[in-house]
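This structure is a prediction, so every number in the text was calculated from the model and none was measured. Just so you know, these numbers use all the heavy atoms, side chains as well, and skip hydrogens, waters and symmetry mates.
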Amino acid sequence: VMLAPVAFAFTSSAVRSGATAAGVARSRRVRASVGRALADLGKEYRIVPGLYVSPDREDLVAIGPNGIFVIVARDDSGRVTASSRRLFINARPAWRDLVEDCRVDALRARERVRRGLGRQLPVHSVLCFARALVAVGQEIRGVKIVHASRLARLIASVPIAAPLSRSEIEATVVALTTSTLTRAAHLLRSAAREP
């Protein structure tokens with residue numbers, strides 16, 4: 001009886017940590033599903049899984065002859081529709097601006113590549129839904145919206161005037177992953193300095 005208040009106090013913490021663990025597991029399943037879809041691209045593409053372009057979001061990146069594709073994977077269910085500027089999930093605006101998230105990640109990846117290689121390369125942002133029915137026929141503010149089953153076909157169909165060479169693709173992979181590793185090492189060093 002005396003421990004009942006303690007049990008009540010820790011119940012909400014346990015529920016929150018369980019919800020967090022379920023969210024992490026769900027996002028891993030979604031990224032794995034999108035990763036399997038990217039496997040259909042072929043050997044000329046390099047896939048960089050688990051790239052933190054933004055601090056709070058883990059993206060997949062496909063780099064090929066027709067450019068760099070920053071893919072934000074989502075696990076929403078239902079029907080995805082859009083107007084000229086907004087995305088709707090089940091006829092309601094998404095709780096966060098997913099299109100803007102994709103645009104920001106693509107801009108950050110473009111800047112990393114520009115710093116690493118010293119020149120601009122074409123970067124495309126893709127919002128990919130693993131479960132939802134995607135009924136969007138156009139880009140929204142430069143973001144391509146697609147279901148995971150059509151992702152490889154969409155990426156392969158994007159035209160480019162001057163295709164990237166194999167060495168440019170490899171240099172881009174190095175530029176993206178090196179800056180991520182450098183940032184991770186910096187965060188570890190700063191965390192070690194804190195008391």
Side-chain angles (χ1 to χ4, degrees), residues 20 23-75 96 98-130 139 142-146 148 150-194:
T20 302
V24 168
R26 190 170 52 248
S27 66
R28 283 185 183 154
R29 280 195 309 272
V30 170
R31 283 193 306 276
S33 172
V34 173
R36 284 191 297 275
L38 288 172
D40 295 339
L41 279 173
K43 295 185 184 214
E44 64 268 11
Y45 286 87
R46 286 287 309 271
I47 310 301
V48 182
L51 185 69
Y52 282 95
V53 179
S54 290
D56 61 338
R57 225 176 359 267
E58 191 174 349
D59 298 333
L60 292 112
V61 178
I63 306 164
N66 56 347
I68 303 160
F69 296 84
V70 179
I71 302 150
V72 174
R74 296 291 304 174
D75 188 38
R96 86 184 266 165
L98 300 174
V99 173
E100 191 60 29
D101 288 349
C102 292
R103 292 182 72 234
V104 166
D105 285 2
L107 289 172
R108 287 180 175 163
R110 178 178 289 134
E111 182 59 25
R112 270 192 205 175
V113 171
R114 189 194 62 74
R115 279 196 317 259
L117 300 180
R119 66 188 184 93
Q120 294 277 1
L121 291 179
V123 178
H124 309 276
S125 56
V126 180
L127 179 57
C128 181
F129 289 91
E139 290 185 10
V143 176
K144 297 165 180 43
I145 300 167
V146 68
R150 300 186 53 165
L151 179 62
R153 207 171 337 149
L154 172 87
I155 290 173
S157 70
V158 172
I160 189 169
L164 302 179
S165 67
R166 191 72 190 157
S167 61
E168 288 174 317
I169 293 171
E170 294 302 323
T172 303
V173 171
V174 169
L176 283 171
T177 56
T178 301
S179 60
T180 302
L181 294 174
T182 304
R183 185 174 177 280
H186 172 70
L187 289 174
L188 287 174
R189 281 195 300 273
S190 62
R193 278 186 246 139
E194 291 179 5

Any side-chain heavy-atom pair of [X] and [Y] under 4.5 Å:
X    : Y    : result
S125 : F69  : no
I169 : Y45  : no
L98  : R96  : yes
V72  : D101 : no

Could you pull out the closest heavy-atom pair between [X] and [Y], with the gap in Å?
X    : Y    : result
L41  : A152 : CD2-O, 3.5 Å
A175 : V113 : CB-CA, 4.5 Å
R119 : L121 : NH1-CD2, 3.4 Å
N66  : I155 : ND2-O, 2.7 Å
I160 : G67  : CD1-N, 4.3 Å
E44  : P65  : O-CD, 3.7 Å

Query - Pair R108 + E111: basic N to acidic O under 4.0 Å - result: no
Look up atom [atom1] in [X] and atom [atom2] in [Y], then write down how far apart they are to the nearest 0.5 Å.
X    : Y    : atom1 : atom2 : answer
I71  : K144 : CD1   : NZ    : 11.0 Å
T172 : I63  : OG1   : CD1   : 5.5 Å
S165 : E170 : OG    : CD    : 9.5 Å
R46  : R166 : CZ    : CZ    : 6.5 Å

Query raised in the report: Who are the side-chain contact (heavy atoms from CB on, under 4.5 Å) partners of L107, not counting sequence neighbours?
Result: R110
Query raised in the report: Between T177 and V48, does a side chain to side chain contact (heavy atoms under 4.5 Å, CB included) hold up when you go through it step by step?
Result: CA-CA 8 Å; T177 56; V48 182; 3.8 Å; yes
Query - Derivation and outcome, side chain to side chain contact (heavy atoms under 4.5 Å, CB included), residues R112 and L51 - result: CA-CA 12 Å; R112 270 192 205 175; L51 185 69; 3.9 Å; yes
